[in-house]
Amino acid sequence: MDFSFLNQPAFSGGGVYLDWVISGVKWTLLVSVLGWIIAFSMGSVLGVLRTSPVWWLRAPATVYVEIFRNIPLLVQMFIWYFVVPEIVPKFMGDWLKTKMPMPEFWNAVLCLGFYTASRVAEQVRSGIQSIPRGQTNAALAMGLTLPQAYRHVLLPMAYRIIIPPMTTEFLTIFKNSSVALTIGVLELTAQARQISEYTFRTFEIFIIATIIYALITLTVTFSMRWLEHRARVPGYIGGASGK
Amino acid sequence: MIEMKNVSKWYGSFQVLKNCSTRVKKGEVVVVCGPSGSGKSTLIKTVNALEPFQQGEITVEGISVGAPGTDLPKLRSRIGMVFQNFELFPHMKVVDNINLAQIKVLNRSSDEAHAKSMALLKRVGLEAHAQKHPGQLSGGQQQRVAIARGLAMDPIAMLFDEPTSALDPEMINEVLDVMTELAREGMTMMVVTHEMGFASRVAHRVIFMDQGEIVEDANKGDFFGKPRAERAQQFLSKILHH
Amino acid sequence: MFSDFDFEVIVSALPFLWEGMMFSLGLTLLAMLGGIFLGTLLALMRLSPFKILSYPAGAYVNLIRSIPLILVIFWFYFLIPIAVKNISGNPYAAGIGPFYSALIAFTMFEAAYYCEIIRAGIQSVPRGQVHAAYALGLNYRQATTLVILPQAFRNMIPILLTTSIILFQDTSLVYVVGLTDFMGAASKIARRDGRLVELYLFAALIYFIICFTASYFVKRLQARYNVGRN
């Protein structure tokens, strides 16, 4: 194995191939983190709505979740990038096609965010539903309104319970960020393939990319375990309270 | 103070409450008993609208529970409730469990709420545990905290839904003692329980339910002396000769 | 907007799209069977008391699960021709064709995910069942195949199927190596005819109908299971 190519001047951009790798990592992280912010906030709202006793709040959230999780991410990526600018009103489409800065990047962020929101929503919903009904009753019996019961009783517990599956969801969006290469975002996987095409050092550059993905996954996994430990409720052993 | 008139409730086609009527006067302690599945827990939960009902009327101090415009949070904040499984909020410290509704519902300042909570914890003998989480307490201690949580709202009445049936036997008395003291002080109470000892010592009236019906609604003396309904007699002999 | 939506394009593309769909479904089905088989072996290795089995299996599963599927596809498209040349000893050996390359990549990738499901399923079988099997005099292989795995799989079928629906969605990613699965077919027509709106929306609709229907049946199956267990 020979890694000296990393230090050779790159085909374009003025730097060396190592700069391409670093740039790839940067875009992978940017797409994942911004997408996650959308997914987490939208998914939380949708997940709460899915547990609402009011059907006209529940129904749209259910429709959203079913649509976004039953269409492959790649198809959604193409729809955001190629189809949306054509079917929105003309002035918006023109803006999307000609004036929008970094269209590949922002489309990838929105696509990953909206897609992952449907998965986050399901985690939030199941977290809330895993809390015994008696907790809601107790909160209501004290005179809290339903929104207050969510805010002070249900959500604080639900978010603690779903830390492990939410970690998985974050790692999923992080890995799925590579799908952004199909619309031209030069994230880590795209850079790895590009470098392999210019240098023929396929084995080496794939190893590097694999190690970087694995290291970030490990870091996230361990940080979340630490968070889970920090957020642990003393004396609480998961599942139902009481008996 | 609490009045129920012909309350009926269905789950689908199954009728869980059949024409239940009763009234609880101020300062009265009423025990509701009956075999499991008789609807007694459902009945008590209709009083603060945790269980909706389809027919009949319930009023608490003249305010209709089932009417569409009723401010339920306000109504519920005036009635304390204690649950079978305690239902303390596991992620909050004991004292914060008692503070929560005082601050969020009654808009008390946090100092005021805290002082009230500590006084109530002292009263149930748990002020030393204020900073712990519920999961670190025994069942009996958790239930005493739950009673303190209900009392913190200065309720006009307290509802108890099988407060001792999830407890180990040695912890039952510590909870019943707190409830007995509360009754002596004149608190209006509706208690669903199988503890007939408590009923005979503390209750003014006993309601016996079976299959969603109020079969017997009598003064304590009459109920334990000679219940009129045969089903109540059978139930009593089963419970007492155990 | 939709005023110039051209259904003709879709109708004339149907035979080609149908071929693509057969590719997608075939790849899904075979990768699912291969993945579950390999995943079961990996799970048994991970649960083995022998470190020489459990460590490599654990390392493989954790590594595969931490990298993107697209990178895995690139890896196998790079490695398979090299492996073929080495195994056959012929430096000019032709590859094994795009379908089988994709099949190997997906099987190896999905096996890691199936492994974790199957491992959880095996662990959910009460220890008492294992003890009872051994107490009857069964050996490891008998206890595993006759007592443990049948119970584990029964509990796991819904989640294995759900994972397979996601696998079906993931097969669209063979697009990155230019294969003509359903999405690849839609994409090729879309570009040839300049009809991206029609074909991508049609592809989305078809994927949605298939995945939604499949999820619905899995949900019903799960409900039946839950009733059976209570």
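Chain naming here is simple, since letters A, B, ... match the order of the sequence lines and numbering starts at 1 in each.
Surrounding CD1 of C/Ile159 are at most 12 heavy atoms belonging to other residues, nucleotides or ligands under 6.0 Å away. For A/Phe3, the CZ atom is densely surrounded, since the number of other residues' heavy atoms within 6.0 Å is greater than 12. Counted within 6.0 Å of CZ on C/Arg191, heavy atoms from surrounding residues, nucleotides or ligands total more than 12; the atom is thus considered enclosed.
The part of C/Phe78 that comes within reach of chain A is its side chain, from C-beta onward, which places non-hydrogen atoms under 4.5 angstrom from that chain. With a threshold of 4.5 angstrom between heavy atoms, A/Val179 approaches chain C through its backbone and through its side chain. Heavy atoms of C/Leu196 lying under 4.5 Å from chain A belong to its backbone as well as its side chain. Contacts of C/Ser172 with chain A are made by both backbone and side-chain atoms, with heavy-atom separations under 4.5 Å.
For the pair C/Phe208 and A/Phe68, the minimum side-chain heavy-atom distance is 4.5 Å or more.
Taking CD1 of A/Ile67 as the start and SG of C/Cys211 as the end, the distance is 13.0 Å to the nearest 0.5 Å. The CZ atom of C/Phe74 lies 8.5 Å from the OG atom of A/Ser196; values are rounded to the nearest 0.5 Å. Distance check, rounded to the nearest 0.5 Å: OG1 of A/Thr202 to CG of C/Leu79 gives 9.5 Å. A distance of 8.5 Å separates CD1 of C/Ile70 from CG of A/Asn176, quoted to the nearest 0.5 Å. Atom CD1 in C/Ile67 sits 11.0 Å away from atom CD1 in A/Ile211 (nearest 0.5 Å). Here the CG atom belonging to A/Asn70 is positioned 7.5 Å from the CD1 atom belonging to C/Ile165, to the nearest 0.5 angstrom.
Nearest heavy atoms, C/Val197 versus A/Glu86: CG2-CB, 3.5 Å. Across every non-hydrogen atom of C/Ala204 and A/Ile79, the tightest pair is CB-CD1, 3.6 Å. Minimum heavy-atom separation, A/Ser178 to C/Pro68: OG-CB, 3.3 Å. The shortest heavy-atom contact between A/Arg69 and C/Lys219 is NH2-NZ, 4.1 Å.
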For this session: Might you work through the side chain to side chain contact (heavy atoms under 4.5 Å, CB included) test for A/Ile207 and C/Trp75, ending with a clear yes or no?
Result: CA-CA 9 Å; A/Ile207 292 248; C/Trp75 257 122; 3.8 Å; yes
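The residue among C/Tyr207, C/Phe168, C/Tyr200 with the most heavy atom pairs within less than 4.5 Å of chain A is C/Tyr200. Comparing A/Leu218, A/Thr210, A/Leu215 by heavy-atom pairs within less than 4.5 Å of chain C, the highest count is held by A/Thr210. Comparing A/Phe203, A/Phe78, A/Phe82 by heavy-atom pairs within less than 4.5 Å of chain C, the highest count is held by A/Phe78.
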